[in-house]
Amino acid sequence: MNVIREDISKKLNIALDGPAGSGKSTVAKALAASYNILYLDTGAMYRACAFKLVKEGVSVQDSDKVKALMENIDLTVQYIDGVQHTFLDGEDVSAQIRQNEISMLASTVSTYPFVREKLVQKQREIAKNQPCVLDGRDIGTAVLPDAPFKFYLTADSKVRAQRRLNELREKGNTQMDLTTLQKEIEERDKQDMNREFSPLRQAPDAVVVDNSNMNAEQTLAFIRAKIQEKI
Ligand code: DC
């Protein structure tokens with residue numbers, strides 16, 4: 001169902017920012033499907049950079065080596081049957097980059113300005129050609145500061161950890177426990193919110209959605225209602 005006016009849909013960029021486990025990707029995916037527009041998961045691109053370091057055995061602390069690797073990184077995003085796939089060196093790494101071990105490494109590699117510049121350029125390139133929903137940490141503040149629709153999703157860290165635990169369990173990972181996951185999420189929030197370049201911040205014109213007590217359907221309905229209000 002496409003309820004957006006055609007003139008608006010041409011420049012329909014929706015920015016969804018927020019910390020890990022705030023439901024951004026679930027909601028962004030459903031939102032994009034409901035408007036029949038593209039969904040770009042920008043976190044996947046940082047995850048692919050982290051995966052490249054693992055693959056090449058380069059320490060994230062070694063900025064010279066990280067910089068050299070990033071200069072020639074072969075990283076592309078492709079859509080297959082409407083679903084985003086992330087390719088690294090020609091290989092589809094969409095599943096590997098979701099491993100929990102990659103999360104913190106992606107956060108650390110994302111602190112380098114040369115990594116951010118490269119990926120932000122790719123993200124803007126994708127967004128300028130078509131209406132889309134982008135989710136990440138700096139979409140409303142840095143990637144698309146002029147996006148007409150901006151949302152900042154958040155939730156209590158225990159609720160977010162529980163969501164991540166459920167996802168991991170569904171994938172068969174039974175090793176992880178809630179307390180460890182909550183600690184990891186809080187550490188990652190701290191790093192993402194306090195880095196020097198484009199830290200995770202709520203854009204002044206973003207609508208804040210605390211969905212600690214909302215499920216994905218309710219969050220989606222709330223966001224859709226806010227978008228409709230502005231159209
Ligand atoms: O959304 P995610 O958990 O897949 O993101 C992994 C890390 O990538 C996140 O902790 C910080 C970084 N990231 C970023 O700095 N900017 C973005 N737009 C998206 C992700």
Side-chain angles (χ1 to χ4, degrees), residues 13-29 31-32 38-54 60 66 70 73 75 77 83-86 88 93-127 132-145 147 150-155 157 159-161 163-168 171 176 181-203 206 211:
N13 281 152
I14 304 171
L16 286 189
D17 289 305
S22 58
K24 296 185 304 286
S25 64
T26 308
V27 170
K29 232 177 263 167
L31 197 57
L38 194 91
Y39 162 51
L40 178 62
D41 165 10
T42 64
M45 299 166 86
Y46 291 92
R47 286 174 177 271
C49 292
F51 192 65
K52 176 75 177 169
L53 301 189
V54 175
V60 72
V66 175
M70 292 303 144
I73 191 165
L75 165 61
V77 167
V83 177
Q84 176 176 336
H85 288 254
T86 308
L88 184 68
V93 294
S94 309
Q96 287 109 304
I97 60 172
R98 307 296 345 153
Q99 293 167 56
N100 196 48
E101 298 69 47
I102 297 293
S103 305
M104 194 62 191
L105 196 56
S107 168
T108 306
V109 82
S110 81
T111 61
Y112 286 116
F114 51 84
V115 173
R116 305 205 66 80
E117 275 158 26
K118 186 151 201 149
L119 298 190
V120 167
Q121 198 188 342
K122 279 183 194 278
Q123 292 156 14
R124 287 191 183 135
E125 204 57 40
I126 296 170
C132 49
V133 182
L134 274 75
D135 81 357
R137 304 290 187 290
D138 60 340
I139 309 302
T141 52
V143 180
L144 302 174
K150 296 183 186 177
F151 297 91
Y152 186 89
L153 268 61
T154 187
S157 65
V159 173
R160 293 188 282 121
R163 287 176 186 158
R164 272 289 143 89
L165 188 65
N166 296 346
E167 275 172 24
L168 289 172
K171 285 183 199 155
M176 195 51 87
L181 210 47
Q182 186 177 354
K183 236 201 222 134
E184 274 182 21
I185 277 189
E186 286 171 357
E187 249 173 63
R188 189 145 69 98
D189 288 353
K190 199 164 143 203
Q191 176 157 275
D192 291 344
M193 288 171 174
N194 293 297
R195 68 178 174 227
E196 189 180 351
F197 305 98
S198 306
L200 168 61
R201 293 265 157 80
Q202 172 194 322
N211 60 19

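Remember, it's 1-based here, ligands and their atoms both numbered in the order they're listed. Every value quoted in this text rests on a predicted model; they were computed, and no experiment measured them.
With respect to the salt-bridge test (charged N to carboxylate O, under 4.0 angstrom), the residues R164 and E167 qualify. Contact check on D41 versus R98 returns a salt bridge, with a Lys/Arg side-chain nitrogen under 4.0 Å from an Asp/Glu carboxylate oxygen.
Taking E117 as the reference, P113 meet the side chain to side chain contact (heavy atoms under 4.5 Å, CB included) condition, with sequence neighbours excluded. Scanning for side-chain hydrogen bond (donor to acceptor under 3.5 Å, both in side chains) contacts around T108 gives Q191, with sequence neighbours left out. Partners of E184 according to the side chain to side chain contact (heavy atoms under 4.5 Å, CB included) rule, which considers only residues two or more places apart in sequence or in another chain, are N100, M176, T180, L181.
Protein residues with a heavy atom under 4.0 Å from ligand 1 are T42, G43, Y46, R47, R98, A106, S107, S110, R116, G136, R137, D138, R188, D192, R195.
When all heavy atoms of D135 and I139 are compared, the pair lying nearest together is C-CG1, 3.9 Å.
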